[in-house]
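Order of appearance sets the numbers: ligands from 1, and atoms from 1 within every ligand. Throughout, numbering of the chain's residues begins at 1 and tracks the sequence.
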Amino acid sequence: MSEADFKLQADPQFRADVLAGLKGPRRAIPARWFYDERGSQLFDDITHLPEYYPTRTETDLLKDCRAEFAKHIPAGAAVVEFGAGSATKTPLLLEAIRPDIYIPVDISGDYLRMSAEVLAGQFPDLTIRPVEADFSQDMHLPTDKPSEARLGFFPGSTIGNFVPRSSVDLLRHMRGHLGQGAMLLIGFDRIKPVEILLPAYDDAAGVTAAFNLNLLVRINRELDGNIPVEAFSHQVQWNDREARIEMHLRCAWDVQFTVSGKEFQIQAGESIHTENSHKFDLRSLRILLRAGGWTPVAEYSDAQEWFTLVLAEA
Ligand code: AVI
């Protein structure tokens, strides 16, 4: 396939989001577009960084509580994971509840297939039905046994990457897809001192900076852009009013560029807002779950209260 053909095949939603998001005065591009192949790899690297506490905290929590939450989950429930699945967290859940069917849902088809293959090797008796879809949009989930109960698994505090109105929509959407008698196991990153939060999103090795900047590289490659990537730098701030970490790409000097034939200008000091990562206290996460149609059944937090896993029922 020629480079021109490849560009023609760019995701139309990606193009629409980027063209709308680059228009001033408040420039913002949805965080879900971070995850091309390189972005997914960089995110995986982030999860192993010493500063990025959420993954290891949640993994330890899963290890400690799995016997407890397994007691609440009906035998034979199918597991639907929103996201391709993590190499460590997913096996812990599958070992604890031993479902017959596992349905990972992810926007990145290659990553989804790769992780499904690895899991198939680890769980030879498990039926794995990967679904390539954006789980925040309409999708179709396979039904092997029409009567089966389903457990949704949404770890990593990915819910925090949505603004409150969208996270309520997403939770309701999940409830609709999972059906009657569904349960949800969901991770929430807790509010904590900025001295811990900021380095988690601005690590010394610069991996998160590379993850953020890769969005511009992706735009240039897939949307025929010529954004001068070297003019931008990774910037992280804590927005206390909204209880969230924000990632931006700050422009150091005036630039002019085109994307898909459209012209843009960004002045020195302006930024493109690329990600929100909301943090929660116990009250805010309970309110969010209830607004999304879920009733918390059990909550599990680590000793420092840095992360909470909630088991909820529809
Ligand atoms: C996927 N998500 C939960 C991560 C987070 O912590 O908000 C994405 C991330 N962005 C920078 N580092 C990690």
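- For K192 and D189, the salt-bridge test passes: some basic side-chain N is under 4.0 Å from an acidic carboxylate O.
- Not a single heavy atom of G160 sits closer than 4.0 Å to an atom of ligand 1.
- Residue contacts with ligand 1, taken as heavy atom pairs separated by less than 4.0 Å, do not involve F34 at all.
- In this structure, the separation between CE on M139 and CD1 on I107 is 12.0 Å, given to the nearest 0.5 Å.
- Close contacts between ligand 1 and Y201 involve ligand atoms 5 (C), 6 (O), 7 (O), 10 (N), 11 (C), 12 (N), 13 (C) [criterion: under 4.0 Å to a heavy atom].
- Short contacts between ligand 1 and Y52, defined as distances under 4.0 Å to a heavy atom of the residue, involve ligand atoms 4 (C), 5 (C), 6 (O), 12 (N), 13 (C).
- Stacking of R218 on the aromatic ring of F14 is recorded, both the 6.0 Å distance cut-off and the 45° axial limit being met.
- Judged by distance alone, the side chains of S260 and R15 do bring a donor and an acceptor atom under 3.5 Å apart.
- Close approach of ligand 1 to S277 (heavy-atom distance below 4.0 Å) involves ligand atoms 5 (C), 6 (O), 7 (O).
- Side-chain N/O atoms of D203 and T208 include a donor and acceptor closer than 3.5 Å.
- The proximity of P54 to ligand 1, defined as any non-hydrogen pair under 4.0 Å, does not occur for either the backbone or the side chain.
- Looking only at atom types and distance, the side chain of N214 has no donor-acceptor partner in the side chain of R38 under 3.5 Å away.
- Those atoms of ligand 1 with a heavy atom of S157 less than 4.0 angstrom away are 3 (C).
- Only one option out of F154, F280, F307 pairs with F188 in a ring-ring contact (aromatic ring centres under 6.0 Å, His included); it is F280.
- Using 4.0 Å as the threshold, Y35 has a heavy atom nearer than that to some atom of ligand 1.
- Distances below 4.0 Å separate heavy atoms of T158 from the following atoms of ligand 1: 3 (C).
- Here K71 pairs with E68 in a salt bridge; the nearest charged N to carboxylate O distance falls below 4.0 Å.
- Inclusion of T208 in the set of residues having an N or O under 3.5 Å from an N or O of ligand 1 is not warranted.
- Here is the list of ligand 1 atoms found below 4.0 Å of a heavy atom in G156: 3 (C).
- Looking at T47, N161, L42 and measuring to atom 1 (C) of ligand 1, the nearest heavy atom belongs to N161.
- Ion pairing between a basic and an acidic side chain is recognised when a charged N comes within 4.0 Å of a carboxylate O; R98 and D125 show no such pairing.
- When hydrogens are left out, the protein atom nearest atom 10 (N) of ligand 1 is E275 OE1, 2.6 Å; that is the closest non-hydrogen contact.
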